[in-house]
*Asks:* 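The following block contains the structure, expressed as structure tokens.
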Amino acid sequence: MVDANAQNSRRLSKQALAGLPVSVTRPNYRLDHTRIGIVHIGAGAFHRAHQAVYIDDLLATHPDWAICGVSLHSTDVRDALRPQDGLYTVLLLGEQTQLRVIGSMRELLSARDESAAILARLADPAVRLVTLTVTEKGYCLAGQDLDVAHPDIVHDLALPDTPRSAIGYIVAGLRQRHMLGLAPYTVLSCDNLADNGHRLRRAVLQYAQRVDETLAAWIDAQVSFPCSMVDSITPATDDALRECISSELGCKDAWPIQRETYTQWVIEDRFCNERPPFELAGVTMSHDIAGYDRAKLRLLNGAHSTLAYLGSLMNLETVAEAMREPLLAVFVERLMRRAIAPVIALPEGLQASAYIDAILVRFRNPAIRHRLAQIAWDGSQKLPVRLLSTIADALSANQPIDSLCLSIAAWMQFVRRQAHHGVALVDPLHEVLAGVGRACTGDAANDVDAFLQLDTVFIAPLSRDARFIHALQIAYAALADGSPAAISHALTTAMYGDLR
Ligand code: CS2
């Protein structure tokens, strides 16, 4: 333990590295011998916990792949990390916890006031890869297409040289390269989104077509957008973590990150420019991203969202706590084994039972306080890829959908409860959802119908499928008033196989 005054006066930095306790792993390369090779858009916690750690593993032998981290909407990450020379700590939560200082983010920029510097980086030929984690909503999509009415897209189309959106920056960077006769960069989506590369490519091309058709044709022919699958549970940073890390380090880290020890990154090997030797850092290069994606989004994330809504309705706080609730733990395990796994095609070599076993162990990890409220965010964006796609496939295969509909009904009940309590949702549709939630009366047919009108969440033909509507109404009615007692009762009924 270090003297509190000394700790407050010192900040994590290059100079502080030598004085850190020996148990803390630190960069095994000279920070100033590295060179920026990647621009990452969306320098949030997930990127810093995941991709930046893989890159940190490579810099000793491949120093020209350091990262410039860009935040689109805020200056917080830059303001926290720049005074620390870009350094931050990752706390790895396993049987034994481990502290590691990451040095791969050599530059931090914010689009709020450094737009020109970001565009200059994107035009730098040493940058051969642009990666992004901007979450589902950052793609500005309406269904499969670019949402041309999205305020950021409207802005960027009017002023393409001073963009706001990730799509606007990617295209502005490519436009400079095209004009300068430079090779394009590969654009790699690292968002937890099915088919992420294809969706991004479509949005970029649709946007570029509106800016300059010649440029769009060049992007179409020259730029690759590989798909990728990312996985590592990363609970949000809180003050307790900040204090704990600063006290362990003996100096202040303004924005440490925590994550589970487990991590996976699968990337489609389709790059139009040089790429880092990802394999050396444990990344799987594959041609079946869709299979990995499906397995992860539908099993892990589908189960996560289910726990988030049912668990929140039961007034539980974290995933591990929800897994200690026997009814919920059994329900979610059966959901994965009996309702989800039978209707997904897994990539070669991935065994559903072992994959689910591992997910259950990860969810039970007592070292992680992963708040259900965090997972409940952005339900309108997450449910289609996590649960509704499985329901559509189950219906096509004539498989039961009752328990899957219980997860969707739990979201509806959650929206209803928050609206009635006047608690704002974190969701791009929060205003519409608050209106729908407030109007809910508890009548299953009416309430379910009101939710089904949300046509960016419930897409036809599923939204009009009589079997789906019927199962949803039964599930919603089974959750009754959404109270903890009603949820326990519905889960008990579901355990015995029939909600009716
Ligand atoms: C979680 C994910 O917050 C959420 O919605 O389901 O962030 C999950 O922890 C990651 O996808 C795990 O890789």
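Keep in mind that what you see is a predicted model, and the values were worked out from it rather than measured. Quick note: residue numbers are just sequence positions, from 1. Just follow the structure's listing: the first ligand is 1, and inside any ligand the first atom is 1.
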*Asks:* Quiz question for you: does at least one protein heavy atom lie closer than 4.0 Å to atom 9 (O) of ligand 1?
*Replies:*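 At least one protein heavy atom is under 4.0 Å away.
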*Asks:* Quick one, Arg275 with Asp269, criterion salt bridge (Lys or Arg N to Asp or Glu O under 4.0 Å). Give me CA distance, side-chain angles, the key distance, then yes/no.
*Replies:* CA-CA 9 Å; Arg275 68 163 173 84; Asp269 203 353; 3.0 Å; yes
*Asks:* With a heavy-atom distance limit of 4.0 Å, tell me whether Ser232 approaches ligand 1 through its side chain, its backbone, both, or neither.
*Replies:*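 The answer is the backbone of Ser232.
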*Asks:* Which heavy atom of the protein is the closest neighbour of atom 11 (O) of ligand 1, given with residue, atom name and distance?
*Replies:*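 For this ligand atom, the closest protein heavy atom is Lys296 NZ, 2.5 Å.
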*Asks:* Under 4.0 Å from ligand 1, counting heavy atoms only, is it the side chain of Gln381, its backbone, both or neither?
*Replies:*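 Contact part for Gln381 vs ligand 1: neither.
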*Asks:* Got a donor-acceptor contact below 3.5 angstrom from the Ser165 side chain to the Asp152 backbone?
*Replies:*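 Side chain of Ser165 to backbone of Asp152, a donor-acceptor pair under 3.5 Å: no, none is there.
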*Asks:* Counting only N and O atoms by type, is there a donor-acceptor contact under 3.5 Å from the side chain of Glu268 to the main-chain atoms of Pro226?
*Replies:*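 A pair under 3.5 Å: no.
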*Asks:* Applying the side chain to side chain donor-acceptor pair (under 3.5 Å) test to Thr131, which of Gln51, His40, His47 qualifies?
*Replies:*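 It is His40, the one option of Gln51, His40, His47 that forms the side chain to side chain donor-acceptor pair (under 3.5 Å) with Thr131.
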*Asks:* At less than 4.0 angstrom from any non-hydrogen atom of Lys382, what atoms of ligand 1 do you find?
*Replies:*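 Near Lys382, the atoms of ligand 1 are 3 (O), 4 (C), 5 (O).
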*Asks:* Starting from atom 13 (O) of ligand 1, which protein heavy atom do you reach first, and at what distance in Å?
*Replies:*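 Atom 13 (O) of ligand 1 sits closest to the protein heavy atom Asp231 OD1, 2.5 Å.
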*Asks:* Just say parallel, tilted or perpendicular for the rings of Phe271 and Phe278, cut-offs at 30° and 60°.
*Replies:*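 Ring orientation, 0 to 90° scale: tilted.
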*Asks:* At what distance is the nearest protein heavy atom to atom 2 (C) of ligand 1, and which residue and atom is it?
*Replies:*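 Of the protein heavy atoms, Asn301 ND2, 3.6 Å lies nearest.
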*Asks:* Report, in ascending order of atom number, the atoms of ligand 1 lying under 4.0 Å from any heavy atom of Asn192.
*Replies:*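 Taking each heavy atom of Asn192 in turn, ligand 1 has 11 (O) under 4.0 Å.
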*Asks:* Counting heavy atoms only, which of Ile375, Asp378, Thr263 is nearest atom 3 (O) of ligand 1?
*Replies:*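 Shortest heavy-atom distance from atom 3 (O) of ligand 1: Ile375.
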*Asks:* Answer yes or no for Arg128 and Tyr185: cation-pi contact, defined as NZ/CZ to six-membered ring centre under 6.0 Å and angle to ring axis within 45°.
*Replies:*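 No, Arg128 does not lie over the aromatic ring of Tyr185.
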*Asks:* Arg362 and Asp231: salt bridge (Lys or Arg N to Asp or Glu O under 4.0 Å), yes or no, with the steps?
*Replies:* CA-CA 12 Å; Arg362 292 169 64 193; Asp231 190 7; 2.9 Å; yes
*Asks:* Taking only heavy atoms of His304, which atoms of ligand 1 are found under 4.0 Å from at least one of them?
*Replies:*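 In order of numbering, the contacting atoms are 1 (C), 6 (O), 8 (C), 9 (O).
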*Asks:* Quick one: is the NZ or CZ of Arg48 closer than 6.0 Å to the six-membered ring centre of Tyr88, and within 45° of its axis?
*Replies:*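 Yes, Arg48 sits over the ring of Tyr88.
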*Asks:* Can you tell me if Arg386 has a non-hydrogen atom under 4.0 Å from ligand 1?
*Replies:*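 Contact present.
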*Asks:* Please list, in number order, the atoms of ligand 1 under 4.0 Å from a heavy atom of His370.
*Replies:*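 Result: 9 (O).
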